[in-house]
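Remember, it's a predicted structure, so these values are computed and weren't measured experimentally. Positions are given from 1 along the sequence.
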Amino acid sequence: QQSTLGLWEEGCTATAMAASAGGRISLPGAATNAAGGADAGEGDSGALQVAEALRTIALKNPCAHCGKQGALKRCSICKQVWYCGAECQKAGWRRHKKRCAPPLSINEICAKVLAAHTAGKWRGVLEWEVRMEELMEGQPDAACNGILSWFFIAHLRGSLSTGSPQHALSAASLGSRRVDLLGKMERFRDQGEEMCSLADRLFTAGKRQESVWWLERARKVAEAHGFFSVECRACLGLGDESVEDGRHEQGVDLLRNALAASSLSEDEDTWELPVLRSLINALFQTDAIEELEPLVLRHREAVKEESAREGSLEPDGIESFIFSARLHEAHGEPEEAARDVRALLDLLRQNQAAVQDQPFAYQELLGNASSYLEILDPEHGDEELIESVAAELAKLRR
């Protein structure tokens with residue numbers, strides 16, 4: 001230890017200079033061979049390793065104050081930042097002292113990450129993502145899966161809150177690792193669910209081809225093991241992708257399969273509402289009015305059950321009014337369509353807090369609602385309603 005400390009204190013400058021010049025590092029006790037290289041003598045291998053470590057440090061570590069590469073003095077408290085010397089450390093202390101603290105143990109970091117995850121503070125979780133590999137080192141597969149899920153869910157929340165595709169890509173990367181772990185643990189149902197979540201994140205990030213690939217894999221897992229909830233999610237994703245790609249007939253067939261699977265699902269929390277939403281929107285594009293009517297009624301009833309169970313407004317609660325208005329409009333019934341839009345706008349006004357909490361989830365619905373404002377005729381005494389709701393929608397969309 002004393003030898004290492006001596007080399008650290010006295011050889012740092014020479015090591016940095018040699019490293020920056022790309023030259024050899026000459027150490028005491030190292031014999032020189034005929035080719036000009038250095039042969040490590042007995043007991044010198046440790047010194048050579050230290051010298052190589054110093055060379056790496058010299059090339060990589062910037063000074064936290066001036067930014068110059070090759071900083072060799074580390075903060076003795078937090079061990080996280082480097083300085084050229086005492087002068088830079090003193091000059092940078094005012095800024096550094098706000099976050100300078102002794103390094104935490106793995107158990108302490110786990111406790112902080114878990115607390116942030118439980119509280120839904122996704123930014124608090126992601127502050128520790130740089131230590132994720134340390135948290136997982138030496139842990140059993142089940143624990144590693146749990147740790148990955150903390151950061152996966154944090155990126156999902158970040159994606160919903162900010163709309164950033166980078167969060168979606170990060171979630172997809174973590175999801176891929178979880179898929180492998182779950183397969184290794186033979187938790188195939190969870191593996192299929194994770195594949196579907198991974199496909200959602202990739203689709204959000206614009207990676208459509210990769211998203212379809214994962215959905216096809218999830219469907220195969222579901223069919224092999226009889227997991228109807230996974231089959232429902234996979235067919236839903238593939239159906240949406242087909243419709244968006246212009247293959248309406250194929251998309252509608254996949255969505256019908258998803259609806260059938262949702263009825264057989266083993267989950268209490270089924271995917272019936274999302275499937276109904278996608279199928280109804282797809283059928284509106286094909287003008288299949290006869291098939292639409294029972295589906296719109298089924299969607300309205302499912303929304304009522306969901307609202308009674310959750311006790312709050314959900315996006316589907318708004319969309320049920322839009323579906324009803326579109327159906328009345330297709331039947332040539334403008335007065336009934338206007339009645340549905342009035343009910344929708346009143347619902348939006350009464351639940352502004354819920355809409356503001358999930359702006360990205362409601363963005364498309366607000367756009368649809370705006371397009372139906374023209375159904376209301378100002379001559380029927382709705383001019384004030386139109387103006388007030390239009391202003392509120394514009395504010396929410398901003």
Side-chain angles (χ1 to χ4, degrees), residues 168 192 195-220 222-223 228-265 270-303 315-333 337 340-341 344 360-372 374-375:
M195 288 176 180
C196 293
S197 297
L198 177 55
D200 289 343
R201 294 307 101 209
L202 288 168
F203 186 83
T204 302
K207 306 287 185 179
R208 295 176 59 177
Q209 188 173 353
E210 294 91 333
S211 174
V212 170
W213 186 82
W214 281 107
L215 288 170
E216 293 285 5
R217 280 191 65 187
R219 191 179 184 187
K220 290 178 181 178
E223 291 173 349
F228 291 110
S229 62
V230 176
E231 183 180 357
C232 174
R233 288 189 67 184
C235 288
L236 171 59
L238 291 169
D240 284 340
E241 170 65 26
S242 297
V243 170
E244 187 165 326
D245 204 32
R247 293 174 280 117
H248 291 91
E249 186 175 345
Q250 180 182 350
V252 168
D253 286 341
L254 284 164
L255 292 170
R256 289 188 183 118
N257 290 341
L259 187 59
S262 73
S263 302
L264 300 170
S265 174
T270 69
W271 285 79
E272 182 183 25
L273 273 174
V275 174
L276 282 170
R277 183 196 317 131
S278 292
L279 182 55
I280 290 170
N281 279 318
L283 288 171
F284 267 122
Q285 297 180 43
T286 61
D287 296 324
I289 303 300
E290 292 183 1
E291 187 178 354
L292 273 168
E293 290 188 24
L295 291 174
V296 170
L297 290 174
R298 182 174 172 179
H299 184 270
R300 175 68 66 88
E301 292 303 316
V303 165
D316 284 290
I318 295 175
E319 197 150 28
S320 64
F321 289 99
I322 296 176
F323 289 152
S324 182
R326 290 174 69 180
L327 192 58
H328 284 303
E329 188 181 22
H331 281 303
E333 301 168 343
D340 287 327
V341 175
L344 162 63
F360 290 96
Y362 283 93
Q363 187 172 5
E364 182 179 355
L365 299 178
L366 294 176
N368 290 340
S370 297
S371 68
Y372 280 98
E374 62 186 28
I375 295 176

Of all residues at least two apart in sequence or in a different chain, which pass the salt bridge (charged side-chain N to carboxylate O under 4.0 Å, His left out) check with [X]?
X	value
Arg298	Glu272
Glu333	none
Asp245	Arg208, Arg247
Arg217	none

Side chain to side chain donor-acceptor pair (under 3.5 Å) against Asp200, all qualifying residues, sequence neighbours excluded:
Arg233
Between [atom1] on residue [X] and [atom2] on residue [Y], distance to nearest 0.5 Å:
X	Y	atom1	atom2	value
His299	Ser320	NE2	OG	6.0 Å
Phe203	Leu215	CZ	CG	9.5 Å
Arg219	Cys232	CZ	SG	11.5 Å
Trp214	Leu202	CH2	CG	8.5 Å
Cys235	Asp240	SG	CG	11.0 Å

Does the side-chain contact (heavy atoms from CB on, under 4.5 Å) test come out yes or no for Ser324 and His328, once each step is laid out?
CA-CA 6 Å; Ser324 182; His328 284 303; 3.6 Å; yes
To check you understand the geometry: which heavy-atom pair defines the closest contact between Val230 and Ala218, and what is its length?
CG1-O, 3.6 Å
Nearest heavy-atom contact between Phe323 and Phe284 is O-CZ, 3.8 Å
Taking the side chain as everything from C-beta on, heavy atoms only, tell me whether [X] gets closer than 4.5 Å to [Y].
X	Y	value
Leu236	Leu259	no
Glu293	Leu297	no
Arg326	Asn281	yes

Side chain Ser242, main chain Leu238, donor-acceptor under 3.5 Å
yes
Go through the steps to decide whether Ser211 and Glu241 satisfy the test side-chain contact (heavy atoms from CB on, under 4.5 Å), and finish with yes or no.
CA-CA 9 Å; Ser211 174; Glu241 170 65 26; 5.9 Å; no
Applying side-chain contact (heavy atoms from CB on, under 4.5 Å), run through Val296 and Leu276 and close with a yes or a no.
CA-CA 8 Å; Val296 170; Leu276 282 170; over 6 Å; no
Residue set satisfying side-chain contact (heavy atoms from CB on, under 4.5 Å) with Glu301, at least two apart, ordered chain then number -> Lys304
Looking at Glu216 and Lys220, does any basic side-chain N land under 4.0 Å from a carboxylate oxygen?
no
Are more than 12 heavy atoms from other residues, nucleotides or ligands located less than 6.0 Å from atom CD of Gln285?
yes
